[in-house]
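See below for the structure under consideration.
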Amino acid sequence: NAGVMQNPRHLVRRRGQEARLRCSPMKGHSHVYWYRQLPEEGLKFMVYLQKENIIDESGMPKERFSAEFPKEGPSILRIQQVVRGDSAAYFCASSPTSGRSPSSYEQYFGPGTRLTVT
Amino acid sequence: GNSVTQMEGPVTLSEEAFLTINCTYTATGYPSLFWYVQYPGEGLQLLLKATKADDKGSNKGFEATYRKETTSFHLEKGSVQVSDSAVYFCALYTGTASKLTFGTGTRLQVTL
């Protein structure tokens with residue numbers, strides 16, 4: 001069973017360009033989460049999606065950032081007009097359920113995409 | 001809201017030394033608690049978890065006990081190895097907010 005897959009692993013963009021980060025959840029998982037890790041900091045929640053629905057985007061910046069999880073294909077985190085402050089590692093995680101029962105809940109993380117804005 | 005506080009690093013230990021990384025939390029409800037490990041250049045791997053008070057999670061020689069009275073989940077290992085050098089993250093999940101809340105991470109460096 002393949003784990004969570006993210007690509008690209010490394011992405012370099014110039015200021016003003018667009019960045020597209022892709023995440024394929026584990027087989028059988030229908031819940032996807034995106035987190036951002038700034039240098040030397042912990043992970044901060046950005047957005048939680050189920051197929052075709054955004055459930056919680058409370059951690060997402062209001063401008064330039066968007067996320068989707070279409071019926072077919074990977075989840076996409078899109079950053080328009082990137083700035084240097086967007087340089088970070090972006091991690092995707094997936095879970096099989098919504099975690100209504102915390103005792104059985106786990107999120108599985110991908111290897112991350114390291115975005116560098118020059 | 002929910003929050004996790006970890007001891008600041010870096011923690012530098014000699015091989016075979018005893019490790020403790022402190023973690024305390026604030027949460028509504030009854031959280032599940034996790035330790036994740038991040039090796040250099042990699043993503044997060046679940047190290048261990050505990051889902052209710054007094055539960056002990058353990059894996060690869062690491063242990064942590066869910067202490068509700070002190071709202072703590074300290075990570076311990078009796079004898080660390082160079083290969084344990086990594087960043088360790090404490091996290092919680094309550095189910096009322098569908099996301100993990102992470103501490104800032106503690107970098108562990110183990111030397112020969």
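Order of the sequence lines sets the chain letters (A, B, ...), proteins ahead of strands, with each chain counted from 1.
Across A:F91 and B:Q38, no two heavy atoms sit closer than the pair CZ-NE2, 3.3 Å.
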Take A:L43 and B:Y36 through the side chain to side chain contact (heavy atoms under 4.5 Å, CB included) test and state the conclusion after the steps.
CA-CA 11 Å; A:L43 277 74; B:Y36 281 84; over 6 Å; no

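A:Y35 contributes a side-chain N or O that, together with a main-chain N or O of B:L100, makes up a donor-acceptor pair within less than 3.5 Å.
No more than 12 heavy atoms of other residues, nucleotides or ligands shown are found within 6.0 angstrom of CD on A:Q81. Surrounding CD of B:Q109 are at most 12 heavy atoms belonging to other residues, nucleotides or ligands under 6.0 Å away. Counting heavy atoms of neighbouring residues, nucleotides and ligands inside a 6.0 Å radius, atom NZ of A:K51 exceeds 12 of them. Dense packing is recorded around CD of B:E69, with more than 12 heavy atoms of other residues, nucleotides or ligands lying under 6.0 Å away. Under a cut-off of 6.0 angstrom, the local environment of CD in B:E8 is sparse, with at most 12 non-hydrogen atoms contributed by other residues, nucleotides or ligands. At most 12 non-hydrogen atoms from other residues, nucleotides or ligands lie less than 6.0 angstrom from CE of A:M5.
Linking Ile, Leu, Val, Met, Phe, Trp and Tyr residues whenever their side-chain heavy atoms come within less than 4.5 Å leaves A:Y48 and A:I76 in two separate clusters. B:F34 and B:L48 fall into different hydrophobic clusters, defined by Ile, Leu, Val, Met, Phe, Trp and Tyr side-chain heavy atoms under 4.5 Å apart, directly or through other members. Note on A:L38: it does not cluster hydrophobically with A:L77, by side-chain heavy-atom contacts below 4.5 Å among ILVMFWY residues. Residues A:F69 and A:L21 share a single hydrophobic cluster, defined by chaining ILVMFWY side chains whose heavy atoms lie under 4.5 Å apart. Placement of B:L108 and B:L44 in two distinct hydrophobic clusters is found when ILVMFWY residues are connected by side-chain heavy-atom separations under 4.5 Å, directly or transitively.
Only the side chain of B:L46 comes within contact range of chain A, with at least one heavy atom under 4.5 Å from a heavy atom of that chain. Heavy atoms closer than 4.5 Å to chain A are found nowhere in B:Q6, neither backbone nor side chain. Contact of A:Q6 with chain B is not made at all, since no heavy-atom distance falls under 4.5 Å.
Contacts of residues 108-118 of chain A with chain B at a heavy-atom distance below 4.5 Å involve A:F109, A:G110, A:P111, A:R114, listed in sequence order.
Counting heavy-atom pairs closer than 4.5 Å to chain A, the top residue among B:T104, B:V4, B:V87, B:D55 is B:T104.
No close placement of the B:F102 and A:F45 rings is indicated, their centers lying 6.0 Å or farther apart.
Annotation: the span from A:Q107 atom CD to B:K99 atom NZ amounts to 11.0 Å, rounded to 0.5 Å. Note that the OG1 atom of B:T51 and the CD atom of A:E106 stand 10.5 Å from one another [nearest 0.5 Å].
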